[in-house]
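A note on names: the letters A, B, ... follow the listed sequences, proteins ahead of strands, and every chain is numbered from 1. The figures that follow rest on heavy atoms only: side chains count, while hydrogens, waters and symmetry mates do not.
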Amino acid sequence: MEKFRKLTSIVAPLDRANVDTDQIIPKQFLKRIERTGFGEFAFFDWRYLEDGVLNPDFILNEDRYRGANILAGGRNFGSGSSREHAPWALMEMGYKAIISTSFADIFRNNCMQNGLLPVILEEAEVDTIMARALRGTGYKVTVDLDSQTVKDDLGLNANFDIDPFRKNSLMAGLDDVGVTMEFSKEIDMYEGRQKKRW
Amino acid sequence: MGKTMFEKIWDQHIVAEPEDQPALIYIDLHLVHEVTSPQAFEALRLTNRKVRRPDLTISTVDHNLPTDDTRSEVIKDPIARIQVDTLRKNCEQTGITLYDVDSTAQGIVHVIGPEQGYTQPGMTIVCGDSHTSTHGAFGSLAFGIGTSEVEHVLATQTLRQRKPHTMEVRFNGKLKQGVTAKDMILAAIGKMGTAGGTGYVIEYTGDAIRHLDMAGRMTVCNMTIEAGARAGLIAPDDTTFEWMRGRKFVPKGEKFDHAVDQWRALVSDEDAVFDTLIEIDCDDLEPFVTWGTNPGQVTRITDNVPSPEDFDDIADRTSAENALEYMGLKGGMAIEDIEIDRVFIGSCTNARIEDLRSAAQIVRGRTVASSVRAQIMPGSTLTKLLAEKEGLDQIFMEAGFEWRESGCSMCLGMNPDILVPGERCASTSNRNFEGRQGKGGRTHLVSPEMAAAAAISGHFVDVREWDTE
């Protein structure tokens, strides 16, 4: 997993509540057996017209948000299906952090397993970021995981909470399995205490 | 202070609680299907890790499978076929039991777990599927996980979890004829919103829950995730134990009696305290129908479709605007005036034998409207065979329903069963998201009874007014 420390980037605004994982990566693209190859299908129904041409009305297709590594989303972002293909697709689209007032639990967890940072800010702060990103071109924020802050050049200075364990894993680029393998003895002992169920 | 059922199960499954880390929780049962597992098995191969407990892991094919009768010969979609074949290979290499397409135990993973008796009270159960919450109906702690966590469970039989908050959702009173478990949970989601349960584990309590059969309880727990909570539990009782008795992997004889004693002790203590309480009065519940593009956008059958102006919150108003546009509906129109093109009775929410019996009661002796294509995909092959033994297939087919093979099917449309753009479907499934049942498809979530009545009428109709034999 790639390390996440500090990121300065253009913000792409997706001002919709309840963006679900069916929207992020529709089911017809879940048949791949690899972790890659999902990016071009992210937001498929919104992003493309019938003939496969980019939909000019879909905000993330606008030139001014090209190359953005930070996505700002409405509340309850990532609701629905547990498909980890959603963060995989978003990361391939270029996003490394998502800012919202709230995330669905499974999605948020899946993001952190892949080094995609979900940042929860207050509603007024997300509104500010969303409005500034919508208004102009080239609006940037800096997400600093170490200091747990989001800042811009216009005076925004927001703090966010994150589980210290997750923070450490993200900053060090650690995956959970490796960390848990160090508890093999505890798992053996637990299993020893349980009698066989079937 | 006493403990909630969730806290008892949680405490029993703590492997380690290292300082500054989430707890390490042991997993008793891991359910695997073809869509969310291939990358997890591949990661194990790349890191030279083994499946720690193949004996606590079972798998089936459900999401991708076509529901026509040629599927056991070949899956025509080449990418779906590779995914199914990959699961077969992974199970063979790791020693995991696979209920494949030709097994009578094949079916939707959340239908076969309970049906075969794998699902038992007090267990921790996970699956790479958000509707794993279904198994909570037995008093187990069951929740959906992503593929990285699937890999974690395969390798270690544990998960890292921060302890969630607890919420009691209490259903008071008694359901009227024609009102079902589906309406209870839709009412709850309507009240809580799709994120109302985020960060919580829910326990469903109250008289109306006690009077539900196991299929109804599974329907309620199934849709817990649609309120944002990962797990929903119901205390096991005699209804639970009688339903379980005699199933293949449930303990037998004295062992069963002993297990029941242990299971009874799981229920929340009388002085247990939940972090939050939500109450719902079931005496005057009606059948519910979703009108929008998330399960919280729902109303009563006797109501009208709301208008965006009805919502005070700006985000809710914008959501309603977007939803009405996508759904091709106008605020103010009566729900009963919404005409449908398709009916889907299926999914891990509502495709158990009890659901099919309820739908058959409505359908018996009636005919599907000529403008409607109606399909039934039983929750498992065993459910299908049982229904055929009871003659339910004949009732449905005589009425004009298509009687298909089991699988997730049109709940999420990964297989060839999808809506075409603009088609409107009365569906017993769990999600009415944009494009969920096919790009441009319009989904209304309802109970099996309501779906059956809509199939006959060609539009939504209040099933409480219908005579059944």
Q) Which answer fits Glu42(B), side chain, backbone, both or neither, if we ask what part of it has an atom under 4.5 Å from a heavy atom of chain A? A)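 Neither part.
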
Q. With a 4.5 angstrom heavy-atom cut-off, which part of Ile79(B) approaches chain A: side chain, backbone, both or neither?
A. both

**Q.** Under 4.5 Å from any heavy atom of chain B - which part of Glu182(A)
**A.**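 It is neither, since no heavy atom gets under 4.5 Å.
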
Q) Checking heavy atoms, do the side chain of Phe29(A), its backbone, both or neither come under 4.5 Å from chain B? A)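 Looking at Phe29(A), nothing touches chain B.
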
Between the side chains of [Y] and [X], is the shortest nitrogen-to-carboxylate-oxygen separation below 4.0 Å, so that they form an ion pair?
X	Y	value
Asp316(B)	Arg75(A)	yes
Arg83(A)	Asp129(B)	no
Arg160(B)	Asp176(A)	no

How about [X] and [Y]: do any of their side-chain heavy atoms sit closer than 4.5 Å?
X	Y	value
Asp45(A)	Glu434(B)	no
Ile82(B)	Arg32(A)	no
Ile106(A)	Ile225(B)	yes
Phe183(A)	Pro18(B)	yes
Ser148(B)	Asn114(A)	yes

Q.
Can you see whether Tyr26(B) engages Gln194(A) through a side-chain donor-acceptor pair at a distance of less than 3.5 angstrom?
A. no

(Q) Does Phe143(B) form a side chain to side chain contact (heavy atoms under 4.5 Å, CB included) with Asp105(A)? I'd like the steps, not just the answer. (A) CA-CA 11 Å; Phe143(B) 51 91; Asp105(A) 274 340; over 6 Å; no

